[in-house]
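Note that this is a predicted model, so its numbers are computed, not measured. We name chains A, B, ... by the order of the sequence lines, and we start the count at 1 in each one.
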Protein chains: 2
Amino acid sequence: MPAASGTPRPPARSGERGIPEAAVARLPLYLRALGGLAEAGETTVSSEELAAASGVNSAKVRKDLSYLGSYGTRGVGYDVQQLVHLIARELGLTQDWPVLIVGIGNLGHALAGYGGFASRGFRVAGLVDADPARVGEEVGGVAVSHLDQLESIVRAEQVSIGVIATPAAAAQSVCDRLVAAGVTSVLNFAPCVLAVPPQVGVRKVDLSIELQILAFHEQRRNVAVAGVAT
Amino acid sequence: MPAASGTPRPPARSGERGIPEAAVARLPLYLRALGGLAEAGETTVSSEELAAASGVNSAKVRKDLSYLGSYGTRGVGYDVQQLVHLIARELGLTQDWPVLIVGIGNLGHALAGYGGFASRGFRVAGLVDADPARVGEEVGGVAVSHLDQLESIVRAEQVSIGVIATPAAAAQSVCDRLVAAGVTSVLNFAPCVLAVPPQVGVRKVDLSIELQILAFHEQRRNVAVAGVAT
DNA sequence: AAGGCCTTGTGAACGAACGCACAAAGTCGA
DNA sequence: TCGACTTTGTGCGTTCGTTCACAAGGCCTT
């Protein structure tokens, strides 16, 4: 019987800026919506409007924005430009983020050419692939280098964010090399779990997982209907 | 503390199958991990092993699996094949899901060629694009049709899941057409919010949002370090 | 046959997140 | 200037999700 004498006491609220993870995940949504509103010529926006434009509930919007400080004007709303700037700053998008994409298959191609990166401060600092036949090809204005160049690109371009778009079998070794070279955040598109040191951040996107979740709900609806019909 | 008797409080078990959303989102993860274990020749797996292979915590694994019924053997673990079948059935992956992909740009290409779909029961039943120059091109064994064909493909192939990989500007109108034609689940890659009737399911994937969340944590780490150094 | 060992299944405590509802605070019209 | 109106900011109850910890249960060795 191991006495519960360990210290399972993670100081959740460590007195520092403690903006909840769930709120962080919504900030990019607001930013996107605000971009649209700004283009439409809006100068101020209420929490209700922003909520509609970003697909969340207005109380949540207000609470999330309150974590950034209270910059709204009661009776009026928020200043669009100020909010854009505030959110961008909070997310760290006011600086340049060099990104290295590893694996230039179909998905890597799509990512390299994705317009949504540049507008948020992400710059494709390099593309690498293990296939020599792909080296030299230019994608989205950047030439593909060989996988061997991974370390030198990370160092030369001060890359801190790596994107893995390789097959699952290669992902872990690529990840290890990225981390060893100095990358501290990884976005993983390969369908596998990555092991990284605790101070390295990882997020994963698995296209087929999203479809499977959709299928679950789809099936459930059908079963429910069938059940009623029976 | 002995087991409290007194007033037994069944934990709000709504007589119907009430498997929590968070658990559903993890089932595909388990399924993937189990695939790997099966290939490695494992016939049984403990919650601890499965947890390691899918990157979650073992208590969560056990609780999630318990929603599917109790099919583990104490002292041994779970039967891999049985678990695969059980999860697949729960997710509705034992049937064929025809999928229509709209927008065959870089991303649409990647999706059409993505191997992770077929192995989970998803079949690309059609590809459509608004650009006549793309019509006829073959991607992943399926020919691209014109956007005009959207409705007829949905009906002919009994498509219930649509994937939107168009620019944001086109997404809502495409979505409306999908829904009108009978699609009841939508996976949206366009960076915008979609309005749909309540009975239609939508999930979204925004590549740049994931990067922004990474950037937030990355920045935070840097600020923290700088703060200590100061 | 019996006891030890391992792993499941789950009650219960904890914590995070959500959303309501409302007071506070500012604007705008008269 | 004043009062009505609008919208923010947030305290609080509720729901959802995670984690701990342990009794129940089954296998295997002796």
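In this model, the phosphate group of dT8(D) is approached by a side-chain N or O of Ser47(A) to a distance below 4.0 Å at OP1 or OP2. Proximity of Lys60(A) to the phosphate of dA17(C): no side-chain N or O atom is located under 4.0 Å from OP1 or OP2. The side chain of Tyr78(A) contributes an N or O atom lying less than 4.0 Å from OP1 or OP2 of dG9(D). When the side-chain nitrogen and oxygen atoms of Arg26(A) are compared with OP1 and OP2 of dC18(C), one or more of them lie within a distance under 4.0 Å. Under 4.0 angstrom from either OP1 or OP2 of dG26(C) there lies no side-chain N or O belonging to Tyr71(A).
For Arg74(A) against dT7(D), a side-chain-to-base donor-acceptor contact under 3.5 Å is absent.
At whole-Å resolution of the value, CD in Glu48(B) and P in dT19(D) are 13 Å apart. Summarising the geometry, the separation between CG on Leu65(B) and C1' on dT10(C) is reported as 13 Å, rounded to the nearest angstrom. If you take NZ of Lys63(B) and P of dC16(D), they are 15 Å apart, rounded to a whole angstrom. Atoms CD (Gln82(B)) and P (dT8(C)) sit 13 Å apart, rounded to a whole Å. Between the CG atom of Asp64(A) and the P atom of dT8(D) there is a distance of 13 Å, given to the nearest Å. In this entry the distance linking CG of Leu68(A) with C1' of dG9(D) reads 13 Å, nearest Å. Whole-Å rounding puts the Glu21(B) CD to dT18(D) C1' distance at 16 Å. Regarding Leu83(A), its CG atom lies at a distance of 13 Å from the C1' atom of dT8(D), rounded to whole Å.
Between dT8(D), dT7(C), dT18(D), one nucleotide has an atom nearer to the side chain of Ala22(B) than all others, and that is dT18(D). In the set dA17(C), dC20(C), dC27(D), the nucleotide with an atom closest to the side chain of Val76(B) is dC27(D). Nearest nucleotide to the Thr73(B) side chain, out of dC27(D), dC20(D), dT8(D): dC27(D).
A 4.5 Å side-chain heavy-atom check between Leu27(A) and Glu90(A) finds at least one atom pair inside the cut-off.
Of the charged side-chain nitrogens involved, at least one lies within less than 4.0 Å of a carboxylate oxygen, so that Arg123(A) and Glu157(A) count as a salt-bridged pair.
Tyr30(B) and Asp64(B) form a side-chain donor-acceptor contact under 3.5 Å, judged by distance and modelled atom types alone. Between the side chains of Arg203(A) and Ser185(A), not a single donor N or O lies within less than 3.5 Å of an accepting N or O.
Within a 6.0 Å sphere centred on CD of Glu39(A), heavy atoms belonging to other residues, nucleotides or ligands number 12 at most.
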